[in-house]
Amino acid sequence: MRALIATGTGRYADPWHPYAKTSPLIADVLTEAGFHADIDHDVDHAMTRLEGVDLLVVNAGDPWRSETTEPLEPAALAGFRTGLERGIGVIAVHAALSSLRDYPDWPVAIGGMWVPGLSWHPPLDTVHVTGGALPDGTAIASFDVVDERYSRLQAFGERMVVAEHETEGERMPTAWVREHGAARVGVDALGHDERSWASDGHRALFARMADWVTRRG
């Protein structure tokens, strides 16, 4: 199984998330799970090389916050759409909920997005994540992780929440999965920095989601 991690650089970088440190940690999780993991440091370029890729992971930020105005190549849009149509597995990590804003298929595929001015998170702290189960019955164990609690995310379409956390007394989705046409998609709202990937529970959640979206689970 081949995995490609599109990581935040250029207009997909931001001052809050150390993508250069977290993407290799994501690659480590996938390698341990039996994937051949590659990192592309150009998000739009990654979308043009999805042929033969089983899993696309996006670990990148909001391009609309950047002062860089790089034109989006039609091949990138077409590449992502073609990948979805053939049934590629996709996982959006943390800030990817606010990424790929120039790709109309992205928020519809992942089933949610960060809405500026409405979505929010408390200060980074230790979060207790309550695990559920994947659609195939695979259990997700509960765990603690040092991370941000993304809250009030906009949802699109049907999804199955597989992990939750609490913010100000309200249950919020930490991770979910869904089917989008031929593709299987997962969203992992965790992953702010290296501390998140030090959690065995988070790493296990991510590995199980990768198995499900690529139909290995």
Side-chain angles (χ1 to χ4, degrees), residues 1 3 5-6 26 29-30 33-35 53-59 80-81 83-100 103-115 118-121 127-145 147-192 196-197 199-217:
M1 284 276 180
I5 302 165
I26 295 171
V29 175
L30 292 173
F35 289 84
V53 172
D54 302 289
L55 172 62
L56 168 67
V57 177
V58 178
N59 182 39
F80 179 58
R81 183 171 295 128
L84 292 175
E85 290 171 349
R86 71 169 171 81
I88 194 172
V90 177
I91 299 181
V93 178
H94 197 59
L97 281 154
S98 63
S99 194
L100 296 182
Y103 290 75
D105 294 317
W106 178 249
V108 179
I110 67 173
M113 68 178 295
W114 176 279
V115 181
L118 296 175
S119 302
W120 68 289
H121 62 77
V127 181
H128 180 70
V129 176
T130 303
L134 290 165
D136 61 6
T138 299
I140 302 297
S142 299
F143 60 93
D144 291 335
V145 60
D147 215 316
E148 293 174 334
R149 289 174 285 166
Y150 273 15
S151 305
R152 295 295 182 182
L153 300 169
Q154 176 67 57
F156 299 102
E158 297 294 326
R159 61 184 182 175
M160 182 174 181
V161 175
V162 300
E164 294 182 318
H165 60 270
E166 185 174 299
T167 302
E168 297 187 345
E170 185 176 356
R171 302 302 298 175
M172 300 286 182
T174 309
W176 66 80
V177 296
R178 66 195 307 268
E179 297 198 26
H180 178 72
R184 284 186 174 184
V185 183
V187 172
D188 177 3
L190 300 171
H192 176 77
S196 181
W197 298 102
S199 165
D200 290 339
H202 182 202
R203 292 167 70 92
L205 165 66
F206 191 86
R208 284 165 175 72
M209 290 176 66
D211 281 342
W212 186 82
V213 301
T214 57
R215 294 174 169 79
R216 297 203 313 171

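For this chain, numbers begin at 1 and follow the sequence in order. All heavy atoms count here, side chains included; hydrogens, waters and symmetry mates do not.
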So which atom in Ala109 and which in Leu84 form the shortest heavy-atom distance, rounded to 0.1 Å?
CB-CD1, 4.1 Å
Between Leu55 and Met1, is there a side-chain heavy-atom distance shorter than 4.5 Å?
no
Once you round to the nearest 0.5 Å, how far does CZ of Arg203 lie from CD1 of Ile26?
10.5 Å
Taking side chain to side chain donor-acceptor pair (under 3.5 Å) as the test, write out the residues that go with Arg178, two or more places apart.
none
Taking only residues two or more places apart in sequence, or in another chain, which ones meet Asp54 in a side chain to side chain donor-acceptor pair (under 3.5 Å)?
none
Nearest atoms (heavy-atom pairs only) where Ala96 meets Trp106:
O-NE1, 3.0 Å
Check side chain to side chain donor-acceptor pair (under 3.5 Å) between Thr130 and all other residues, then give those that pass, not counting sequence neighbours.
Arg171
Side-chain heavy-atom pair Leu56, Phe80 within 4.5 angstrom cut-off
yes
What are the two closest non-hydrogen atoms of Glu85 and Ala182, and how far apart are they?
O-CB, 3.5 Å
Interatomic spacing from CG in Leu205 to CG in Leu190 - rounded to 0.5 Å:
7.0 Å
Between atom CH2 of Trp197 and atom NE2 of His202, what is the distance when rounded to the nearest 0.5 Å?
3.5 Å
Any heavy-atom pair between the side chains of Asp200 and Phe143 that's under 4.5 Å?
no
I'd like to check Phe156 versus Val108 (side-chain heavy atoms, cut-off strictly below 4.5 Å). Are they in contact?
no
Could I get the full list of ring pair (Phe, Tyr, Trp, His ring centres under 6.0 Å) partners for His192, not counting sequence neighbours?
His17, His94
Taking every non-hydrogen atom, the tightest pair across Arg184 and Val213
CB-O, 3.4 Å
Separation between CH2 of Trp120 and CG of Leu153, rounded to the nearest 0.5 Å:
11.5 Å
Distance (rounded to the nearest 0.5 Å) between Ile140 CD1 and Met209 CE:
8.0 Å
Side chain to side chain, Ser119 and Gln154, heavy atoms closer than 4.5 Å
no
If every non-hydrogen atom of Val93 is compared with every non-hydrogen atom of Gly191, which pair is closest and at what distance?
CG1-CA, 4.4 Å
Applying side chain to side chain contact (heavy atoms under 4.5 Å, CB included) between Trp212 and each of Val185, Val177, Ile91, report the one that passes.
Val177
On a heavy-atom basis, the closest approach of Ser151 and Thr167 is OG-OG1, 3.0 Å
Could you pull out every donor-acceptor pair under 3.5 Å between side chains of residues 158-166 and any protein atom, sequence neighbours left out?
residue : atom : partner : partner atom : Å
His165  : ND1  : Thr174  : OG1          : 2.6
His165  : NE2  : Tyr150  : O            : 3.1

Less than 4.5 Å apart, side chain to side chain, heavy atoms only: is that true for Leu100 and Ile110?
no
Could I get the full list of side chain to side chain donor-acceptor pair (under 3.5 Å) partners for Arg152, not counting sequence neighbours?
Glu170
